[in-house]
Amino acid sequence: MKVSIGSDHGGYELKLEVIEHLKARGFEVIDVGTDSPASCDYPIYAKKVAADITSKNADLGILICGTGIGMSMAANKIEGIRAALCHDTFSAQATREHNDANILCMGARVVGPGLALMIIDTFLDTPFSNDERHIRRISMYS
Ligand code: RB5
């Protein structure tokens, strides 16, 4: 599985830990930036990860900023993106099963790295249910 990941300065340090974890787990990782802890604008990276998903260059995406909120708002403006802001493993599992979420958003100022990695593992390891009622509801998003 190929994962596209991006962050702003608020998520930069956590992103580095996440990339190391994903590579150790055998995932192919596309890092779209940011490449330093210098202040930057998170929508740039939300759009880059979203483009990797809509172009099918990646299977799933991860976006990290300070809260995860700006990233999720920016990503969800893009057609075909279903970005879920999750700070617990139940939500990460449910959003893959019910919403077929294709981007996970998290706030590095909200969760520590231990919980963040558990949330990410849950998100990446949970398949969409393919349940008819969930397919119908997702089709009603746009
Ligand atoms: C940057 O200070 C912060 O606003 C950003 O990381 C994010 O939390 C926005 O939603």
Side-chain angles (χ1 to χ4, degrees), residues 1-129 131 133-142:
M1 185 191 288
K2 210 192 269 192
V3 179
S4 178
I5 184 166
S7 77
D8 71 353
H9 52 288
Y12 176 69
E13 294 296 336
L14 178 57
K15 185 186 69 166
L16 297 182
E17 287 193 49
V18 171
I19 290 171
E20 195 179 314
H21 176 75
L22 294 180
K23 286 186 173 167
R25 282 203 54 194
F27 290 103
E28 199 177 330
V29 180
I30 305 165
D31 180 5
V32 304
T34 186
D35 300 321
S36 85
S39 182
C40 63
D41 299 328
Y42 57 82
I44 292 168
Y45 305 98
K47 286 179 183 172
K48 285 176 187 266
V49 168
D52 274 341
I53 300 301
T54 56
S55 68
K56 300 196 189 306
N57 189 37
D59 303 294
L60 290 172
I62 298 172
L63 286 168
I64 308 170
C65 62
T67 60
I69 296 170
M71 284 294 200
S72 62
M73 288 180 169
N76 276 319
K77 291 284 184 192
I78 296 157
E79 183 71 33
I81 294 303
R82 294 177 299 281
L85 175 60
C86 299
H87 290 126
D88 65 275
T89 55
F90 175 81
S91 299
Q93 181 179 329
T95 199
R96 287 289 303 128
E97 289 175 345
H98 292 219
N99 314 114
D100 196 15
N102 47 21
I103 296 181
L104 170 67
C105 301
M106 290 194 306
R109 297 174 186 154
V110 182
V111 286
L115 177 56
L117 296 184
M118 288 179 74
I119 292 166
I120 286 168
D121 284 345
T122 303
F123 185 83
L124 298 179
D125 294 344
T126 304
F128 178 49
S129 64
D131 186 289
R133 72 188 193 284
H134 294 313
I135 293 169
R136 182 181 68 248
R137 289 164 188 163
I138 291 165
S139 78
M140 295 167 75
Y141 289 175
S142 52

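Remember, it's 1-based here, ligands and their atoms both numbered in the order they're listed. The figures that follow rest on heavy atoms only: side chains count, while hydrogens, waters and symmetry mates do not.
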Legend entry - Partner residues of R25 under the side chain to side chain donor-acceptor pair (under 3.5 Å) criterion, sequence neighbours left out: D121, D125

Legend entry - For G70, the ligand 1 atoms whose distance to one of its heavy atoms is below 4.0 Å: 9 (C), 10 (O)

Legend entry - Side chain D52, main chain N57, donor-acceptor under 3.5 Å: no

Inset, instruction - Quick one: closest heavy-atom pair of C105 and M71, and the distance? - result: SG-C, 4.1 Å

Inset, instruction - Write out the residue and atom name of the closest protein heavy atom to atom 4 (O) of ligand 1, then the distance separating them to 0.1 Å. - result: Y42 CE2, 4.5 Å

Inset, instruction - Give the contacting part of H9 toward ligand 1: side chain, backbone, both or neither, where contact means a heavy-atom distance below 4.0 Å. - result: side chain

Inset, instruction - Just let me know how M73 lines up against ligand 1, side chain, backbone, both or neither, with a heavy-atom cut-off below 4.0 Å. - result: neither

Legend entry - Heavy-atom check, side chain of I5 versus side chain of K15, under 4.5 Å: yes

Legend entry - Contact atoms of ligand 1, heavy-atom distance to R109 under 4.0 Å: 1 (C), 2 (O), 3 (C)

Inset, instruction - May I ask you to identify, for D8, whether its side chain, its backbone, both or neither come under 4.0 Å of ligand 1 on a heavy-atom basis? - result: side chain

Cut-off 3.5 Å, no hydrogens considered: what does the side-chain donor-acceptor table look like for residues 33-45, sequence neighbours left out?
from: S36; atom 1: OG; to: A38; atom 2: N; distance (Å): 3.1

Inset, instruction - Look at atom 7 (C) of ligand 1 and say which protein heavy atom is nearest, naming residue and atom and giving the distance to 0.1 Å. - result: C65 SG, 3.4 Å

Legend entry - Test item: S72 side-chain N/O and I69 main-chain N/O as donor-acceptor pair under 3.5 Å: yes

Inset, instruction - Give the atoms of ligand 1, by number and element, whose distance to some non-hydrogen atom of G66 is under 4.0 Å. - result: 5 (C), 6 (O), 7 (C), 8 (O)

